[in-house]
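Notes to accompany the following structure.
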Amino acid sequence: MKNLKLASRDTIEQTVIHVGDVAIGRDFVVMAGPCSVESEKQTLETAHAVKAAGADILRGGAFKPRTSPYSFQGLGLQGLKILDKARKETGLPIVTEVLDPRDVSWVAEFADILQIGTRNMQNFSLLKEVGTTRRPVLLKRGMFSTLEEWLNCAEYILSEGNPNVILCERGIRTFENYTRNTLDLSAVPAIKELTHLPIVIDPTHSTGRLSLIPPMSLASVAAGADGLLIEVHHDPSTALCDADQALTPDRFQLLMRQLRPLYAFMDTMNT
Ligand code: PEP
Ligand code: MN
């Protein structure tokens, strides 16, 4: 890909990003938690559950990019304070979305990883702003974007001086509507050919269907992904956002019990 300079595989073998106890790009990392921070109780209960199941990082949105302006928009600063409390109680680092370039510097004080959502993948002023911080950035693939467009967005962040970019495939729009999006699993080996940046899979937003999340999570491991981003809610029936696709803690725990041995097996195949 001709425009890639810093993101190109030619420059570095593999980027490894240290967050808490995990080395993203080397270890298999599981980021899990609710779609949005709804309350202290909901976030803490879910955080303790995902920690107990073996997750490495807690996810949760305080700023939500909703299709409708009338849907729950997130708790903002209050949500970040709740995430901070969850981090202190569980020891899990936090990944959370930032929507607006004006919020980047102060959200970066709460977040261990800044998430750029699919709808903002090509928000170039936002990309430049997160590029000026040293916080790792989880850059989700735009739902209408090619791999080349996505990697050029990573290049925007890298070229501002922030080398800590993690790519996240979260499904793209196709004619298929049984699933919420179409998971492009081939992005994993393709991205591995093109760049040294780690890539994780979001099986939740890409499928939008509970029954498909576990098999696609396992398939992500087999494809060589560096990790997963999964929505879990302590009581999905009450979730204010994406209730239909949140795993219960029990279901998540079962999945974790399947993921780790598969990853260990894949690791032995690769060494
Ligand atoms: C999310 O992960 O909270 C989210 C909004 O995902 P996406 O940007 O992929 O829709
Ligand atoms: Mn969601």
Side-chain angles (χ1 to χ4, degrees), residues 29-38 42-43 46-47 50 55 57-69 71-76 79-80 82-83 86 93-100 103 107 110-123 126-127 130 136-145 149-150 153-154 165-174 179-185 187 199-210 212-213 216-217 220 225 227-248 252:
V29 54
V30 178
M31 311 179 191
C35 182
S36 27
V37 177
E38 299 165 7
Q42 168 253 8
T43 303
T46 307
V50 299
I57 293 174
L58 177 66
R59 64 147 289 143
F63 295 93
K64 294 306 300 177
R66 303 304 300 279
T67 301
S68 163
S71 300
F72 176 60
Q73 302 285 311
L75 298 179
L80 293 172
I82 292 171
L83 286 170
I94 303 298
V95 54
T96 195
E97 181 162 353
V98 61
L99 287 179
D100 189 319
D103 296 332
V107 174
F110 285 91
D112 297 287
I113 303 176
L114 291 166
Q115 179 171 324
I116 304 289
T118 190
R119 294 161 186 80
N120 268 322
M121 186 200 80
Q122 282 187 319
N123 181 338
L126 183 61
L127 299 178
V130 297
V137 177
L138 182 84
L139 178 64
K140 288 194 145 195
R141 179 180 182 177
M143 62 180 96
F144 304 110
S145 300
E149 287 161 342
W150 187 18
C153 291
V165 177
I166 305 150
L167 300 165
C168 177
E169 159 66 36
R170 49 79 68 203
I172 49 177
R173 285 257 169 112
T174 67
T179 48
R180 181 171 173 178
N181 291 283
T182 296
L183 173 59
D184 179 8
L185 206 49
I199 175 169
V200 303
I201 295 286
D202 173 346
T204 306
H205 294 90
S206 52
T207 65
R209 281 186 177 264
L210 279 178
L212 304 186
I213 294 170
M216 289 302 98
S217 300
S220 302
L228 294 164
L229 177 76
I230 304 180
E231 286 186 354
V232 180
H233 194 288
H234 78 291
D235 180 9
S237 65
T238 65
L240 296 179
C241 178
D242 288 349
D244 299 342
Q245 60 183 35
L247 293 182
T248 59
F252 176 65

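Index from 1, following the sequence. Just follow the structure's listing: the first ligand is 1, and inside any ligand the first atom is 1.
Looking at heavy atoms from C-beta onward, L83 lies out of side-chain contact with F110 at the 4.5 angstrom threshold. Taking the side chain as every heavy atom from C-beta outward, F144 and E149 never approach each other to under 4.5 Å. Counting heavy atoms from C-beta outward, C35 and K64 have side chains that approach closer than 4.5 Å. For the pair L127/V137, no side-chain contact is recorded, criterion being any heavy-atom separation below 4.5 Å from C-beta on.
Our summary of the site lists the angle at the Mn ion (ligand 2) between SG of C35 and OD2 of D242 as 100°, to the nearest 10 degrees.
Looking at atom 8 (O) of ligand 1, its nearest protein heavy atom turns out to be T118 N, 2.9 Å. Protein heavy atom closest to atom 6 (O) of ligand 1, with residue, atom name and distance, is K140 NZ, 2.9 Å. Among all non-hydrogen protein atoms, the one lying nearest atom 3 (O) of ligand 1 is R59 NH2, 2.8 Å.
Listed by number with element, the atoms of ligand 1 under 4.0 angstrom from any heavy atom of G117 are 8 (O). The distance from ligand 1 to the heavy atoms of R170 drops below 4.0 Å at these ligand atoms: 7 (P), 9 (O), 10 (O).
A side-chain N or O of H205 and one of D242 form a donor-acceptor pair less than 3.5 Å apart.
In terms of modelled atom types and a separation under 3.5 Å, the side chain of R66 and the main chain of F72 share a donor-acceptor contact. Between the side chain of T204 and the backbone N or O of E231 there is at least one donor-acceptor pair closer than 3.5 Å.
Considering backbone and side-chain atoms alike, E97 places every N or O at 3.5 Å or more from each N or O of ligand 1.
The Mn ion (ligand 2) lies closest to atom OE2 when only the N/O/S atoms of E231 are considered.
Residue contact check for ligand 1: M143 places no non-hydrogen atom closer than 4.0 Å to it.
Among the atoms of H205, an N, O or S atom is found under 2.8 Å from the Mn ion (ligand 2).
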